[in-house]
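Notes to accompany the following structure.
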Amino acid sequence: MKKLNFVVLNGPNLNMLGIREPEIYGKQTYQDLCNLICGYAERKGVLIEVKQSNHEGDLVDWIQEAYQNVDGIVINPAAYTHTSVALLDALKAVGLPAVEVHISDVAQREDYRQISYVREYCEKSIMGRGFDGYLEAIDYLIKRCEATLCK
Ligand code: DQA
């Protein structure tokens, strides 16, 4: 049977994990996050590519590239969560199952973090679970894709 294939997209400043506001995002680095996700993917028998960019257009391009190439998208758009209609439009355009992840609990943070454009499209939003939120998102997509035989 063909392995499920997912992409995990990370937005601006997530490359600074471990350095940026450790009291909010923890002390583990972006590389730690990548290792965690890749190790999990191997154990679960799925293919996963993890990407990060500080540029909105890169994220739009990667969502478009996912079309017909992957079975689902995990996205932490970081600050673009709260500003980007372009990311929402891209997700709608490709029509793939998608899960929104935030390391911190954005619901408990500043007013300007209360809006999420991608949430309108994403099937699930996971926040405040630290790095484990990404693994929960992957579990959700595996179940979702196995149930509907995505491919
Ligand atoms: C974040 C929350 C966003 O509000 C913030 O801009 C980030 C990270 C999170 O993972 O908790 O950069 O998406």
Side-chain angles (χ1 to χ4, degrees), residues 4-44 46-67 69-145:
L4 289 171
N5 188 6
F6 303 122
V7 65
V8 177
L9 301 179
N10 290 293
N13 301 306
L14 289 168
N15 56 316
M16 297 294 283
L17 286 170
I19 297 167
R20 75 181 288 213
E21 302 176 273
E23 65 289 357
I24 296 175
Y25 300 109
K27 288 190 180 139
Q28 288 189 295
T29 65
Y30 179 68
Q31 192 54 53
D32 292 333
L33 176 64
C34 294
N35 294 344
L36 178 77
I37 294 170
C38 291
Y40 195 68
E42 218 171 290
R43 289 200 298 283
K44 290 279 175 175
V46 297
L47 301 173
I48 296 195
E49 193 176 0
V50 187
K51 292 167 168 247
Q52 187 278 331
S53 178
N54 294 326
H55 306 281
E56 187 176 14
D58 286 344
L59 296 163
V60 170
D61 287 345
W62 291 338
I63 292 169
Q64 291 185 6
E65 278 167 25
Y67 181 64
N69 286 316
V70 306
D71 300 298
I73 298 173
V74 175
I75 185 162
N76 181 348
Y80 292 136
T81 307
H82 319 299
T83 61
S84 180
V85 178
L87 291 180
L88 171 63
D89 284 348
L91 288 169
K92 284 181 175 175
V94 301
L96 289 162
V99 179
E100 172 191 17
V101 172
H102 300 286
I103 295 165
S104 67
D105 188 358
V106 282
Q108 305 300 322
R109 297 184 63 191
E110 300 91 337
D111 287 351
Y112 55 80
R113 294 185 206 275
Q114 298 315 310
I115 189 158
S116 164
Y117 287 96
V118 297
R119 197 161 303 158
E120 181 184 314
Y121 178 81
C122 288
E123 293 182 12
K124 197 174 167 63
S125 297
I126 299 168
M127 58 190 88
R129 310 275 299 131
F131 286 8
D132 284 349
Y134 289 85
L135 308 186
E136 288 175 29
I138 292 162
D139 281 341
Y140 172 84
L141 286 179
I142 292 172
K143 278 205 191 98
R144 156 78 161 84
C145 291

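Computed from a predicted model, the values in this text were never measured in an experiment. Index from 1, following the sequence. Atoms within a ligand are numbered from 1 in the order they appear, just like the ligands themselves.
Shown here are the side chain to side chain donor-acceptor pair (under 3.5 Å) partners of Glu136, two or more places apart in sequence or in another chain: Arg129. Scanning for side-chain contact (heavy atoms from CB on, under 4.5 Å) contacts around Glu123 gives Pro97, Tyr140, Arg144, with sequence neighbours left out. Under the side chain to side chain donor-acceptor pair (under 3.5 Å) criterion, Tyr121 pairs with no residue, sequence neighbours left out.
Asn54 has its side chain within reach of Gln52: a pair of non-hydrogen atoms, C-beta onward, lies under 4.5 Å apart. In this structure the side chain of Phe131 reaches within 4.5 angstrom of the side chain of Ile103, judged on heavy atoms.
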Output block, N or O contacts of ligand 1, threshold 3.5 Å exclusive:
{"residue": "ligand 1", "atom": "4 (O)", "partner": "His82", "partner atom": "NE2", "Å": "2.7"}
{"residue": "ligand 1", "atom": "4 (O)", "partner": "Arg113", "partner atom": "NH1", "Å": "2.8"}
{"residue": "ligand 1", "atom": "6 (O)", "partner": "Ala79", "partner atom": "N", "Å": "3.2"}
{"residue": "ligand 1", "atom": "6 (O)", "partner": "Arg113", "partner atom": "NH1", "Å": "3.1"}
{"residue": "ligand 1", "atom": "10 (O)", "partner": "Asn76", "partner atom": "ND2", "Å": "2.9"}
{"residue": "ligand 1", "atom": "10 (O)", "partner": "Ile103", "partner atom": "N", "Å": "2.7"}
{"residue": "ligand 1", "atom": "11 (O)", "partner": "Ile103", "partner atom": "N", "Å": "3.2"}
{"residue": "ligand 1", "atom": "11 (O)", "partner": "Ser104", "partner atom": "N", "Å": "2.8"}
{"residue": "ligand 1", "atom": "11 (O)", "partner": "Ser104", "partner atom": "OG", "Å": "2.6"}
{"residue": "ligand 1", "atom": "12 (O)", "partner": "Arg20", "partner atom": "NH1", "Å": "3.1"}
{"residue": "ligand 1", "atom": "12 (O)", "partner": "Arg20", "partner atom": "NH2", "Å": "3.1"}
{"residue": "ligand 1", "atom": "13 (O)", "partner": "Asn76", "partner atom": "OD1", "Å": "2.8"}
{"residue": "ligand 1", "atom": "13 (O)", "partner": "His102", "partner atom": "ND1", "Å": "2.8"}

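Side-chain contact check for Asn10 and Tyr134: at least one donor-acceptor pair (N or O, by modelled atom type) lies under 3.5 Å.
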